[in-house]
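This report refers to the structure that appears directly beneath it.
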Amino acid sequence: MKTRTLLDGFDIEQFQLDLIGWFEKEQRDLPWRKDNDPYKVWVSEIMLQQTKVDTVIPYFNKFIEQFPTLEALAEADEEEVLKAWEGLGYYSRIRNLHAAVKEVKEQYGGKIPDNREQFSKLKGVGPYTTGAVLSIAYGIPEPAVDGNVMRVLSRIFLVWEDIAKTGTRKLFEAIVRQIISRENPSYFNQALMELGALICTPRNPACLLCPVQAHCRALQEGVQTELPVKTKKTSVKQVAIAAAVLKDEHGKVLIHKRDSDGLLANLWEFPNCEVAHSRENPERQLEKFLKEEYGAIVQLEKPFAVLEHVFSHLVWNITVYDGKLVNGFTETEQLKLVDEREISLYAFPASHQRIWREYKEKKTGG
DNA sequence: AACCCGTGGGC
DNA sequence: TGCCCAAGGGT
């Protein structure tokens, strides 16, 4: 007896022709598509993780201008590299990429590995990035399954598995291994993603414009808007933060470098702490924190801003105080007094860029 | 396997 | 406004 499979009745060759033909005609003109330099492909793939194309474009152009080659990035210092990533988010991406690029320079003579075994061992390189770089830069038929590909294929093959679950990706990789073009795996993978971005969108997919509509089982069944199945996450934790812009008698500003692990690792910030919902004033709690943690005696004034900053997994409710640095403290690599002009030299997360913007507006605005 | 890790835009 | 979304990886 024969087992029914997902691919029964599926015309693989025609699908490849329709998909790649559409991509050749309709693909967007993107800066990382000007050549297939493995370094540039790699950088673009890291930047594009969980990040929209429109957001990435200016970062990519500036990054490549600043670090045109793998060697240039490998030799750059950490602060400079982190500054280039400022505002992009998921900062472990750049820390891992920098480490990985150094590894390639030292262990592989600067040549990015062209096989799964070696390339996927590099820091920050997972199953998706491995397939993307190997197929796009080297023409190797490896699956590159991202959110787009899972959405597109779940509709084409009527897959009802929950794509929010970690293990589901493997199912789609198995499908791609069976249908990927051996002649042009680069365009095949890119076309699946491009289709997901332009036509087979999460809501209101443009099925009438779709180059592979004849192959789509979800469209045939009229259930394209019910796929993919994706369970939603629970609501995020709220955290109260008290922060301060502190100046000494010379008008210099106190900034602090965050820990090398965890949230916003290695980025600079204005001194702050989480405040508990206790009877003690937030000001008191912040003063105590600054004294105990930094040895800084401060005079806090009224808060000049209250900001909400939403992360993917938590929310900061930040009360920002104006303040004077009354007593000395020990300046270290992690704790610095800097001139206002020098603030722009340090990499701050978006939340603290907002704090500084509010502060400047308040000062210049009156 | 579930959770941590950013940000900005669309509806 | 609140929620969802985006070319994921590490632990």
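Quick note on labels: first sequence line is chain A, next is B, and so on, each numbered from 1.
Within the nucleic acid shown, A/Arg28 comes within 4.0 Å of at least one base atom, counting heavy atoms only. Counting non-hydrogen atoms under 4.0 angstrom, A/Gly262 reaches the backbone sugars and phosphates but no base. A/Lys165 comes within 4.0 angstrom of no nucleic acid atom, judged by non-hydrogen atoms across all strands. Within the 4.0 angstrom heavy-atom criterion, only backbone atoms of the sugar-phosphate kind lie near A/Lys230; the bases stay farther away.
Checking B/dG6, C/dC4, C/dG9 against every side-chain atom of A/Arg93, the shortest atom distance belongs to B/dG6. For A/Pro202, counting side-chain heavy atoms from C-beta on, the closest listed nucleotide (B/dT7, C/dC5, B/dC4) is C/dC5. Nearest nucleotide to the A/Ala350 side chain, out of B/dG6, C/dG9, B/dG8: B/dG8.
The base of C/dC5 sits with one of its N or O atoms less than 3.5 Å from a complementary donor or acceptor on the side chain of A/Lys52. Put simply, the side chain of A/Ser92 and the base of C/dG10 share no donor and acceptor less than 3.5 Å apart. For a distance-only test at 3.5 Å, the side chain of A/Thr51 fails to qualify as a donor-acceptor partner of the base of C/dA6. A/Tyr90 contributes a side-chain N or O that forms a donor-acceptor pair with the base of B/dG6 under 3.5 Å.
The side chain of A/Arg151 places an N or O atom within less than 4.0 Å of a non-bridging phosphate oxygen (OP1 or OP2) of C/dA6. Checking the phosphate oxygens (OP1, OP2) of B/dT7, a side-chain nitrogen or oxygen of A/His309 falls inside 4.0 Å. A close approach under 4.0 Å does occur between a side-chain nitrogen or oxygen of A/Thr129 and OP1 or OP2 of C/dG9. Proximity of A/His313 to the phosphate of B/dC5: a side-chain N or O atom is located under 4.0 Å from OP1 or OP2.
Taking A/Ala218 as the reference, A/Arg155, A/Leu158, A/Cys216, A/Val223, A/Gln224, A/Leu227 meet the side-chain contact (heavy atoms from CB on, under 4.5 Å) condition, with sequence neighbours excluded.
With DNA chain C read from its 5' end, the first of the two nearest nucleotides for A/Leu30 and A/Leu122 is the one closest to A/Leu30.
One finds a salt bridge joining A/Glu75 and A/Lys105 here, because a Lys/Arg side-chain nitrogen approaches an Asp/Glu carboxylate oxygen to under 4.0 Å.
Defined by atom type and a distance below 3.5 Å, a donor-acceptor pair is present between the side-chain atoms of A/His215 and A/Asp18.
Ring to ring, A/Tyr39 and A/Trp42 are not that close: their centroids are 6.0 angstrom or more apart.
The C1' atoms of C/dG8 and B/dA1 are separated by 16 Å, rounded to the nearest whole Å.
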